[in-house]
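Below is one structure, written out as structure tokens; comments come after it.
Computed from a predicted structure; not experimentally measured.
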Amino acid sequence: MKGWERVQIIMKNEGFNKNSFSGAIGLNNNVTITRILNEKREPSPATFKKIADRFPKYSRTWILTGKGAMLSSQSNNVTINGNENQNNIGGQNIKISLPESGTQKIIKPDGSVEIQSSSLGNNNSNEINRLKEELHLKEIELAKCEAIIKSKDDMICMLKEILDRH
């Protein structure tokens with residue numbers, strides 16, 4: 001998942017538009033957030049930091065890299081007891097039971113709950129293969145970045161040696 005997508009998810013989850021989100025993270029205007037979302041740009045480390053500082057319920061690792069759990073493990077508004085999540089919303093204790101492995105719960109508009117079995121079918125296999133390919137491409141991209149960093153480090157060392165001689 002790209003950085004701009006994580007920004008979009010946080011904005012949606014928190015109920016912000018571009019203007020209100022920009023203000024919430026301390027930006028003077030919405031140009032930065034608009035460009036990130038409209039041009040699908042990677043946010044700068046400074047922008048990621050502002051988001052992480054403003055929304056501590058989201059994991060810093062997830063915000064910065066997209067890896068790991070989206071919500072911070074330090075979030076104190078959710079407790080887990082066995083197979084139930086408990087949350088206090090508006091003074092009411094809400095209990096949500098998690099579905100059994102291999103099933104999903106669908107809450108219908110009338111409030112009833114339908115349990116559906118999910119089997120590992122062709123769609124999941126295709127998705128797994130797509131994700132493996134994406135991971136492979138990211139590993140290649142990472143190796144290229146590491147090579148660039150190494151060459152720049154070598155250049156810095158060489159320039160330092162030249163400066164030390166003079």
E134 and L131, any side-chain heavy atoms less than 4.5 Å apart: yes
Side-chain heavy-atom pair N13, M70 within 4.5 angstrom cut-off: yes
Single-linkage hydrophobic cluster, 4.5 Å side-chain cutoff, V31 and I25 together: no
Closest non-hydrogen atom pair, M11 against I33: SD-CG2, 3.9 Å
Distance-only donor-acceptor check, side chains N17 and S20, under 3.5 Å: yes
Within 6.0 angstrom of D153 CG, more than 12 heavy atoms from elsewhere: yes
Pairwise distance CG(L142) to NZ(K144) - rounded to 0.5 angstrom: 11.5 Å
Rounded distance (nearest 0.5 Å) linking atom CG of N30 with atom CG of N19: 4.0 Å
Pairwise side-chain contact, I10 with W62, heavy-atom cut-off 4.5 Å (strictly under): yes
Under-4.0 Å salt bridge between D164 and K160: no
M1 side chain reached by I9 side chain, heavy atoms, under 4.5 Å: yes
R60 versus A52, closest heavy-atom pair with distance: NH1-CB, 3.2 Å
Backbone of W4 reached by a side-chain donor or acceptor of R41 within 3.5 Å: no
I107 CD1: over 12 foreign heavy atoms closer than 6.0 Å: no
Heavy-atom side-chain proximity of P43 to V7 below 4.5 angstrom: yes
Evaluation steps, side chain to side chain contact (heavy atoms under 4.5 Å, CB included), between Y58 and I51: CA-CA 9 Å; Y58 295 95; I51 294 168; over 6 Å; no
Pair E146-E141, side chain to side chain contact (heavy atoms under 4.5 Å, CB included): steps then yes or no: CA-CA 9 Å; E146 288 173 341; E141 187 178 333; over 6 Å; no
Carboxylate-amine/guanidinium contact R130 E127, below 4.0 Å: yes
Common cluster, M155/I162, ILVMFWY with side-chain heavy-atom separation under 4.5 Å: yes
Heavy-atom side-chain contact between Q8 and I36 under 4.5 Å: no
Side-chain heavy atoms of D154 within contact of M158, under 4.5 Å: no
Value rounded to 0.5 Å, distance of NZ in K2 from CD in E42: 7.5 Å
Side-chain heavy atoms of R54 within contact of F21, under 4.5 Å: no
Interatomic distance, D53 atom CG to K49 atom NZ [nearest 0.5 angstrom]: 3.5 Å
Lys/Arg N to Asp/Glu carboxylate O, K138 vs E133, below 4.0 Å: no
Under 3.5 Å: donor-acceptor pair, side chain of S22, backbone of K18: yes
Closest approach of S59 to A69 (non-hydrogen atoms, all atoms of both residues): CB-O, 3.2 Å
